[in-house]
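Have a look at the structure below before the remarks.
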There are 2 protein chains.
Amino acid sequence: MQLPPLVQAFVLHFGEMGSRWGINRTVGQIYALLFVSPQGLNAEEIVDKLGLSRSNVSMGLKELQAWSLVRLQHRPGDRRDYFSTPEDIWQIVRTLVEERKKREIDPTLTLLRELLMEAPSDDDERYAQQRLTEMRDLFELFAGWYGDVRRLDTQRLVQLLTLGAQVQKVLEMKDRFLPGRAARGKASIG
Amino acid sequence: MQLPPLVQAFVLHFGEMGSRWGINRTVGQIYALLFVSPQGLNAEEIVDKLGLSRSNVSMGLKELQAWSLVRLQHRPGDRRDYFSTPEDIWQIVRTLVEERKKREIDPTLTLLRELLMEAPSDDDERYAQQRLTEMRDLFELFAGWYGDVRRLDTQRLVQLLTLGAQVQKVLEMKDRFLPGRAARGKASIG
DNA sequence: TCGTCATTTCAGAAATTACCGAAATGACGA
DNA sequence: TCGTCATTTCGGTAATTTCTGAAATGACGA
């Protein structure tokens with residue numbers, strides 16, 4: 001791996017963090033490298049720069065494509081695939097949010113809905129179902145939020161994320177001037 | 001494992017999802033069981049219900065404690081530890097958000113800040129640093145948002161999450177009536 | 001059609017992670 | 001101080017995941 005120290009540190013860190021983010025080290029490294037590369041890279045360039053095996057890079061790129069995290073380009077007179085990350089980092093955020101929803105939220109939401117169709121047979125099951133109801137409501141709320149994030153344009157998304165603690169003030173105003181809009185979430189508000 | 005089918009299905013699902021959420025199967029199962037149990041359980045009860053080894057349950061509980069995801073109680077005249085999850089599901093959300101920030105955001109933010117202290121030595125490094133700047137700003141924004149989520153009380157948190165796509169309308173109003181508040185985030189808005 | 005180059009697949013090796021039983025530690029009452 | 005019970009630690013093993021080299025596939029121009 002003969003990379004500038006800056007890039008090398010970033011790539012190695014991303015590899016290590018990969019395990020916490022649900023991707024493996026190789027995939028994390030490939031992604032990090034593509035992220036800081038001015039032009040797209042082909043598989044062999046990635047092999048050279050990261051010192052990984054050809055097939056491993058192929059697998060990693062496949063996984064990144066499954067996550068829709070890399071773009072594929074071609075150059076005239078060159079048969080090879082060149083990979084790069086989207087220029088717009090917010091597009092990456094939307095993609096990640098969408099994929100995480102698909103993988104981490106939706107399956108559980110589906111299961112919770114199914115389990116809550118059954119009638120409880122005793123008090124313990126009744127308690128369990130009540131807990132599952134709380135969790136389903138929570139997951140519905142998350143699913144809705146993730147969906148919103150995916151749909152919002154960049155400016156509004158930044159605003160939504162920056163809003164944070166100001167939410168109360170802003171919402172008081174909303175209630176004053178836009179009354180009567182029911183909240184979407186059903187989650188218990190304690 | 002002799003559990004009601006409802007609970008069993010939930011426990012098994014949580015175990016499988018565990019790997020996507022960054023915890024292992026055992027830990028996921030233990031957590032799911034505690035979540036739907038009306039009373040706290042001691043280690044041996046968990047062993048019996050889930051069919052795991054004593055030591056594995058001990059490790060799992062230790063990890064859940066490291067995540068602050070379980071509470072420890074005692075009963076008079078009983079030396080054993082009884083474990084349960086917080087009643088308030090929103091407290092669980094805050095805990096998860098805080099821990100995820102600590103594990104998935106903060107380390108990368110620290111590294112990015114460090115890397116951006118160095119002066120670039122050529123054009124490629126200049127490009128890389130520009131990309132890292134975008135990413136640092138993004139992570140700063142996330143860190144701020146996570147912090148807000150942790151601090152907000154439940155009602156406001158639900159409002160913030162429900163707000164979603166309404167953000168534009170609400171923010172137009174805010175700008176009209178509360179002008180001049182600078183946004184915290186520096187992330188490029190393309 | 002053939003030869004070349006790029007990519008993917010695949011079976012096994014290597015590495016990592018999860019798991020268990022046994023032993024050690026620690027807390028408590030007698 | 002003991003003896004008992006609960007919990008944790010530890011060494012080894014099992015299971016899973018990641019990685020590799022070799023072979024297969026596919027695309028393209030001649």
Side-chain angles (χ1 to χ4, degrees), chain A residues 1 11-12 14-34 39-67 69-84 103, chain B residues 1 11-12 14-34 39-67 69-84 103:
Chain A
M1 196 198 288
V11 162
L12 292 178
F14 242 65
E16 296 311 316
M17 293 302 283
S19 55
R20 300 191 187 180
W21 295 335
I23 57 177
N24 68 39
R25 194 172 61 243
T26 306
V27 173
Q29 290 186 1
I30 295 173
Y31 186 77
L33 176 64
L34 293 177
Q39 289 91 28
L41 301 177
N42 64 44
E44 189 150 347
E45 289 169 331
I46 298 171
V47 167
D48 290 345
K49 285 174 193 274
L50 298 182
L52 302 169
S53 75
R54 188 71 188 68
S55 49
N56 204 6
V57 169
S58 175
M59 297 293 217
L61 288 170
K62 205 172 145 196
E63 185 169 345
L64 285 171
Q65 284 176 287
W67 276 83
L69 278 173
V70 293
R71 292 192 193 300
L72 180 54
Q73 302 142 349
H74 284 102
R75 298 184 184 176
D78 188 337
R79 193 192 299 170
R80 291 168 293 183
D81 296 339
Y82 283 80
F83 296 90
S84 61
R103 290 157 205 253
Chain B
M1 197 197 291
V11 162
L12 292 178
F14 243 65
E16 295 311 316
M17 292 302 283
S19 54
R20 300 192 187 180
W21 294 335
I23 57 177
N24 68 38
R25 194 172 60 245
T26 305
V27 173
Q29 290 187 2
I30 294 173
Y31 186 77
L33 176 64
L34 293 177
Q39 289 91 28
L41 301 177
N42 63 44
E44 188 152 348
E45 289 169 331
I46 297 171
V47 166
D48 291 344
K49 285 176 195 273
L50 297 182
L52 303 168
S53 75
R54 174 165 292 288
S55 50
N56 204 5
V57 169
S58 174
M59 295 297 216
L61 288 169
K62 205 172 145 195
E63 187 169 345
L64 285 170
Q65 284 176 287
W67 277 84
L69 278 174
V70 293
R71 290 193 193 299
L72 180 54
Q73 302 142 350
H74 284 102
R75 298 185 184 175
D78 188 338
R79 193 190 299 171
R80 293 168 291 182
D81 296 339
Y82 283 79
F83 296 90
S84 61
R103 291 157 204 255

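Numbers restart at 1 for each chain; the letters A, B, ... are given by sequence-line order, proteins then strands.
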### Range on DNA chain D touched by chain A - first to last nucleotide, heavy-atom distance under 4.0 Å
D:dT18 to D:dC28
### Aromatic ring pairing A:Trp21/A:Phe14, orientation class (parallel under 30°, perpendicular over 60°, tilted between)
perpendicular
### Query
What is the minimum heavy-atom distance between A:Glu16 and A:Arg25, and which atoms define it?
OE2-CD, 3.7 Å
### Task
Return the 5'-most residue of the pair A:Glu44, A:Ser55 with respect to DNA chain C, ranking by each residue's nearest nucleotide.
A:Glu44
Could you check whether [X] gets within reach of a base, just the sugar-phosphate, or nothing at all, counting any heavy atom under 4.0 Å?
X	result
B:Arg25	sugar-phosphate
B:Arg79	base
A:Asn42	nothing

Euclidean distance, [Y] [atom2] relative to [X] [atom1], rounded to 0.5 Å:
X	Y	atom1	atom2	value
A:His74	A:Arg79	NE2	CZ	10.5 Å
A:Tyr82	A:Leu72	OH	CG	11.5 Å
A:Asn24	A:Asn56	CG	CG	7.0 Å

### Message
One pair to check against side chain to side chain contact (heavy atoms under 4.5 Å, CB included): A:Leu61 and A:Ile46. What are the steps and the verdict?
### Response
CA-CA 10 Å; A:Leu61 288 170; A:Ile46 298 171; 4.1 Å; yes
## Note on the structure
One should report the stems of DNA chain C, each a stretch of at least three consecutive Watson-Crick or G-U pairs at distances under 3.5 Å, as C:1-30 with D:1-30
Counting only N and O atoms by type, is there a donor-acceptor contact under 3.5 Å from the side chain of [X] to the main-chain atoms of [Y]?
X	Y	result
A:Arg20	B:Arg103	yes
B:Gln29	B:Thr26	no
A:Glu45	A:Asn42	yes

### Query
For A:Asn24 and C:dT16, is the shortest distance between a side-chain N/O and OP1 or OP2 below 4.0 Å?
no
#### Entry: Candidate list B:Gln73, B:Arg71, B:Gln39, test side chain to side chain donor-acceptor pair (under 3.5 Å), partner B:Ser84, passing option
B:Gln73
### Length of the CZ-C1' vector between A:Arg54 and C:dC10, whole Å
16 Å
### Task
For A:Leu52 and C:dA14, give me the distance from atom CG to atom C1', rounded to whole Å.
15 Å
### Interface with DNA chain C, restricted to residues 56-67 of chain B and to heavy atoms under 4.0 Å
B:Asn56
### Query
Checking side chain to side chain contact (heavy atoms under 4.5 Å, CB included) for the pair A:Ile30/A:Glu63: CA distance, chi angles, key distance, verdict?
CA-CA 11 Å; A:Ile30 295 173; A:Glu63 185 169 345; over 6 Å; no
